[in-house]
Number of protein chains: 2
Amino acid sequence: MPHADPVLIALDWGSSSLRAFLMGAAGEVLAQREGGPGITALPQPGAEGFAAAFTAECGAWLARWPGLPVVAGGMVGSAQGWREAPYVECPADLGSLARAAVAVAAPGARILIAPGVLSRAAGAEGVPDVMRGEEIQLAGALALRPALRGAARCILPGTHSKWVSLEAGRITGFATHMTGELFAVLRRHSLLGRLMPEAPAAPALAAAGFARGLRLARSGGPGALPHQLFAARSLGLTGEMPSEALADFLSGLLIGHELLAGLAEGVPPGVPLALIGEAGLCRRYAAALAAFGAPEPLLLGNTAPAGLFGFAAAAGLVAPATPAQEIAP
Amino acid sequence: MPHADPVLIALDWGSSSLRAFLMGAAGEVLAQREGGPGITALPQPGAEGFAAAFTAECGAWLARWPGLPVVAGGMVGSAQGWREAPYVECPADLGSLARAAVAVAAPGARILIAPGVLSRAAGAEGVPDVMRGEEIQLAGALALRPALRGAARCILPGTHSKWVSLEAGRITGFATHMTGELFAVLRRHSLLGRLMPEAPAAPALAAAGFARGLRLARSGGPGALPHQLFAARSLGLTGEMPSEALADFLSGLLIGHELLAGLAEGVPPGVPLALIGEAGLCRRYAAALAAFGAPEPLLLGNTAPAGLFGFAAAAGLVAPATPAQEIAP
């Protein structure tokens, strides 16, 4: 049990998992629980399912510290979530998130749910873009890294990677790239996956496959991806690439396309670039950025707890954390 | 039963279907059977399965006309087929296909199987490309359309679309685009499909969605696809596009990328462009080509029987068909 008294329960509640954090007055994590059900895997449907999952994860904390405020971010606030918290528009910061938050009643608690963020279409063929959960990670990154509080570019790799522009602590624009989901569906459900063994490749083979995928991506012009993807089959069929390396080749090809588009505008000198997320995936992106000659990125881990604490403070549920210091992720 | 005496049984045997054609001396189809099992759906595995499927489709023809020669093209000649017929390299024509053909013994017949074609890597980041089955369709297109016998560009849309350069009746190079398979796996297995109703859209809505997908594809630079795909979600989530139109939007986006890459080199004036394949899909591609300002293509239907007849003639199994005339597909 924690030494300091907790002041907040913070929930990072996405499609596939629920992580709960018991937090102290300095914004520190006193205890955490991982592996609760995501919103697509609730024990029962509807509000009862959300309440049951919440109580299973946090009931003991609330029993010991009754009346703790609770905040939540992620897909729990989507149309398929506990209660929908409609998107706020760019530019967005913790203030606008807090003003548009919605609350639900749970056994022994009131839970304040953060909205997602919408980027309006720009240009004739522009389309809107949306995020839900990443805005909390971005707020955490801003809390932990003062270097990002001017102009900054953040990349949050994953199923739906986000490339985000920050200006003076606000989200001013972003683009989603379906890189992770493309990799998953192509590996599991397309003809490309049939040539790929389940076991991971030896490191040298994996690195060579990844690098070749990056190079092929970089060599292509507009529209090249549907053609280049077939290389993950033809290189295997012809024996030009060992089958063990094909999955890493596909990964490099897809991440390479994401980087081509994301870096198209360039990163102005002096504007820091940050990678936020799971360490292994961030290292993979850092290697790809280096191969593309991009500036070396800051590497941040899981910034969601710090972001949820900031959201609670912006909503007046806790006092702001001690003036931020540069904290290693 | 046919009036003329048959001289050949021709099999178009792919992954998902077996089509058998009973053909006369002029290269005409006297009778045909559709719906036999593709090589991934045989009644039993291995050579016995191939033989059983062949006998079920063609046994009655062979009983009435014993000793008819039999030819086959498509995935039946792949490593997962009845017997592997290794790829021949570009430039390839019916002569090189016939020289590299392999034979299998079936009940009451000897079956000559056509090889596929390999295009070697070109350039520093070039990768090899392969086709198997399309070379037969191309041979049929050349037999039916003398206009293609100089320089020509052929597009064979499908699961794995092929863009092929022909010179003097030979396949000199080609590129595969995984457009159809991308559409299928994204619709069936990705988050994008969840917003798409099963029922087809009303024609005007479908056309508008398709056109917007084409325009978005055309507006993008290198690497744009993983980002642009997310528009099929964000346009639906925000209500900017009716959900009924999203599948056609995705189709337009993917076909647009294929066209961007395929047309990148341009089609020289006077070089005919042809679409070969299923009529509905060819009309969709013709509409996309028009939107991209490409020359109007010739539209050819199923040219596989004519190609298989030409393959049999090149192998000396039948006399060449009467000097080719311009025959409507």
Side-chain angles (χ1 to χ4, degrees), chain A residues 15 78-79 87 118-119 121 123-130 159-161 163 175-179 181-182 184-186 188-192 212 215-231 233-235 237-238 240-241 254-264, chain B residues 15 78-79 87 118-119 121 123-130 159-161 163 175-179 181-182 184-186 188-192 212 215-231 233-235 237-238 240-241 254-264:
Chain A
S15 293
S78 70
Y87 299 106
L118 171 75
S119 173
E125 292 308 329
V127 290
D129 209 325
V130 291
T159 305
H160 295 166
S161 290
W163 286 61
T176 302
H177 305 254
M178 293 186 63
T179 313
E181 187 168 13
L182 268 174
V185 299
L186 288 169
R188 281 184 220 142
H189 299 292
S190 85
L191 203 62
L192 300 184
R212 182 152 185 194
R215 288 199 308 274
L216 182 59
R218 212 173 173 193
S219 74
L225 187 57
H227 166 54
Q228 290 181 337
L229 285 172
F230 195 67
R233 181 163 174 81
S234 62
L235 286 170
L237 276 182
T238 57
E240 262 202 42
M241 184 177 286
L254 292 169
I255 291 174
H257 277 261
E258 178 180 335
L259 264 59
L260 267 182
L263 295 170
Chain B
S15 293
S78 71
Y87 299 107
L118 171 74
S119 173
E125 293 308 329
V127 291
D129 210 325
V130 291
T159 305
H160 295 166
S161 291
W163 286 61
T176 302
H177 304 254
M178 292 185 65
T179 312
E181 187 168 14
L182 268 173
V185 298
L186 288 169
R188 280 185 220 143
H189 299 292
S190 86
L191 204 61
L192 300 184
R212 182 152 185 193
R215 288 199 308 273
L216 182 60
R218 211 171 174 195
S219 74
L225 187 57
H227 166 54
Q228 291 181 337
L229 285 172
F230 195 67
R233 181 163 174 79
S234 62
L235 286 171
L237 276 183
T238 58
E240 264 202 41
M241 183 177 287
L254 292 169
I255 291 175
H257 276 261
E258 178 181 334
L259 263 58
L260 268 182
L263 295 170

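A, B, ... follow the sequence lines: proteins, then strands. Residue 1 opens every chain. No experiment lies behind these values; they were computed from the predicted model shown.
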For this session: Only counting residues at least two apart or in another chain, list the ones meeting side-chain contact (heavy atoms from CB on, under 4.5 Å) with A:S78.
Result: A:I39, A:M75, A:Q80, A:R132
For this session: Between chain A and each of B:A79, B:S219, B:G223, count heavy-atom pairs under 4.5 Å; write down the option with the most.
Result: B:G223
Exercise. Where does B:L237 contact chain A at under 4.5 Å (heavy atoms): side chain, backbone, both or neither?
Worked result: side chain
Problem set entry | B:H160 versus A:F230, closest heavy-atom pair with distance | ND1-CE1, 3.6 Å
Problem set entry | Atom group of B:L182 that falls short of 4.5 Å from chain A, counting heavy atoms | side chain
For this session: Determine which residues belonging to residues 255-264 of chain A lie within contact range of chain B, meaning some heavy atom pair is under 4.5 Å apart, and list them by number or answer 'none'.
Result: A:H257, A:L260, A:A261
Exercise. Partners of A:R215 by salt bridge (Lys or Arg N to Asp or Glu O under 4.0 Å), sequence neighbours excluded?
Worked result: B:E125
For this session: Against chain B, label A:L216 side chain, backbone, both or neither, depending on which of its atoms sit under 4.5 Å from a heavy atom there.
Result: both
Exercise. Pick from A:T179, A:L118, A:L229: which one has the most heavy-atom pairs with chain B under 4.5 Å?
Worked result: A:L229
Problem set entry | Which residues share a side-chain contact (heavy atoms from CB on, under 4.5 Å) with B:T159, sequence neighbours left out | B:E181
Problem set entry | Partner chain B: residue of A:A231, A:P222, A:A217 with the largest heavy-atom pair count (under 4.5 Å) | A:P222
Exercise. Do the side chain of B:S234 and the main chain of A:P128 share a donor and acceptor less than 3.5 angstrom apart?
Worked result: yes
For this session: Check each atom of A:T176 against the heavy atoms of chain B and say whether the ones under 4.5 Å are side chain, backbone, both or neither.
Result: both
Exercise. Could you state the interatomic distance from CG (A:L186) to NE2 (B:H189), rounded to the nearest 0.5 Å?
Worked result: 10.5 Å
Exercise. Tell me, side chain or backbone of B:S190 under 4.5 Å from chain A's heavy atoms, or both, or neither?
Worked result: both
Exercise. Should the ring pair B:H227 and A:H177 be called parallel, tilted or perpendicular, given that the plane angle runs from 0 to 90° and is split at 30 and 60?
Worked result: tilted
For this session: Begin with the C-alpha distance, continue with both residues' side-chain angles, and end with the deciding distance and a verdict on side-chain contact (heavy atoms from CB on, under 4.5 Å) for B:R212 and A:V127.
Result: CA-CA 11 Å; B:R212 182 152 185 193; A:V127 290; 3.7 Å; yes
